[in-house]
Amino acid sequence: MKTFITEDFLLYSETAKELYHNVAKKMPIIDYHNHLNQEEILQNKNYNNISEIWLAGDHYKWRAMRANGIAEDYITGDKSDYEKFLAWAKTVPNTMGNPLYHWTHLELLRYFGIDEILNEETAPAIWEEANRKLATPELSVRSILEKDKVVFVGTTDDPTDDLQYHIQLRDEEFATKVSPSFRPDKGLNIEKDDFLDWVKKLAEAANTSIDNYDTFLDALAQRVDYFDQQGCRSSDHGINVMFYQEGTKNEVASIFQKRLNGEELSEKEIDQFRTYTLVSLGELYADKGWVMQLHMNPLRNNNTRMFNKVGPDSGFDSIGDRLLAEPLSNFLDALEVKDKLPKTVLYSLNSRDNNVLAAMAGNYQNDEIPGKVQFGTAWWFNDHIDGMEDQLKTLANTGLISNFIGMLTDSRSFLSFSRHEYFRRILCNLIGTWVEEGKVPNDKELLETYVKNICYSNAERYFTI
């Protein structure tokens, strides 16, 4: 059976069709936050089979398969790649209404030219055809990036990383700019068991010794300098619960020393350390002209039995519901009062927070950078038609959608760039709907400017690409 992915998929008005086909479709891609493997870009890897590029590490698909009663052996276990693919094919017909249903068939069509619905009956032939094409130069990693006109990729990197693959890609002058992003979560989570080991790794990376809080901050600053030299444009922070607890530098230095000595810390002390350290990092980011991304309100590793079995980032995270308005405001203001607030993107996994973030962003704008503080795109559990439309409408209602920096994949798969097409169709359809309903003028030049900017140009300016 042929797929439902027509040329006018998700485009329900003539205005939407014109905006997408004449403007959005032609724009290059800036994917400023993802978890792609830089070594695979350097190697220009060809994947062995569709399971390897499609299912390995994709916790979205893993969750759906578990919900369909698929045994873990066929998800993260030791079954063959073909058996895992068949298990996914069995699940796909049950995903209608989930973005996975759209993404699956969009990716089959765009990358493999396969215009068939995936199910148990079609799976063997699709497996053979997809694998045949994956073996060709046209579907190597770099070819995929070039095909999708991806001009910038922002990966996610620990401060202790040597960034060797980024350096080699830069020296090769590869057409797609592959930029590191500074992700110092392990340096903020002072209460974690692996914190002291990470501090040792930081000292080694910075070629220094860390025996007090000043040397810890100095080492972080050295790594910020190093990342900046390698083309870093942003930091990224995963924040389960937003925090703000004031403390003097002397107090935080004492807290750090207690941790070095193996002493227990109170919740207040943990938050004092996190707050002072993140504010210090924010000041460094501002000096470098970086973007600071805050990903807030996930509730991670909910299933202890499965965490012990398969580890983190395996599909057992969900939406947190801790309040973030007051601590977030205090944190941003602590930087703003020093005139050291960097360009900042705010994301929450809980769509309840959409109005909070859209309104919060409006508190910290200025006349130098349009949209300096951004209400970020629909993220993770909100990465679907309703979630994207709600984020766009909330931003438009509360701020200026015209300055929005648009979509990112936040993905580990090189086939996920088709999600930019998904977003662009949703965006064009929303604007087209406003025109058809008489809510905005049918001004072709104005509408096309909005689409160009949101799909590409705003991010190009914001990340100084």
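Quantities reported herein were computed from a predicted structural model and do not represent experimental measurements. Residue numbers count from 1 along this sequence.
Closest of all the heavy-atom pairs between S179 and G231 is OG-O, 2.7 Å. Nearest heavy atom pair, residue S314 against residue V310, reads OG-O, 3.4 Å.
Within the structure, ring pair (Phe, Tyr, Trp, His ring centres under 6.0 Å) contacts touching residues 122-146 (residues at least two apart or in different chains) are Y82-W127, F85-W127.
With salt bridges taken as basic N to acidic carboxylate O contacts below 4.0 Å, none links K393 and D390. In summary, E129 and K133 engage in a salt bridge, as defined by a charged side-chain N under 4.0 Å from a carboxylate O. The existence of a salt bridge linking D236 and R183 is confirmed by a sub-4.0 Å separation between a basic side-chain nitrogen and an acidic carboxylate oxygen. A salt bridge links R425 and E421; the closest N-O separation between the charged side-chain nitrogens and carboxylate oxygens is under 4.0 Å. Residues E40 and R412 are not paired through a salt bridge, judged by the lack of any N-O separation under 4.0 Å between the basic side chain and the carboxylate. We find that E264 and K258 are not joined by a salt bridge, their nearest charged nitrogen and carboxylate oxygen being 4.0 Å or further apart. Salt-bridge check for K192 with D194: failed, with every basic side-chain N at 4.0 Å or more from each acidic carboxylate O.
D317 has its side chain within reach of W380: a pair of non-hydrogen atoms, C-beta onward, lies under 4.5 Å apart. Using a 4.5 Å heavy-atom threshold, the side chains of E72 and K309 count as touching. Here the side chains of V345 and H33 are not in contact, with every heavy-atom distance at 4.5 Å or above.
A cation-pi arrangement is not found for R110 relative to F9, the charged atom failing to lie both closer than 6.0 Å to the ring centre and inside a 45° cone about the ring normal.
Side-chain atoms of N46 come within 3.5 Å of backbone N or O of T136 as a donor-acceptor pair. A donor-acceptor contact shorter than 3.5 Å links the side chain of K343 to the backbone of Y462. E251 places no side-chain N or O within donor-acceptor distance of the main-chain N or O of G247, the cut-off being under 3.5 Å.
Open room surrounds CG on D193; 12 or fewer heavy atoms of other groups in view lie less than 6.0 Å from it.
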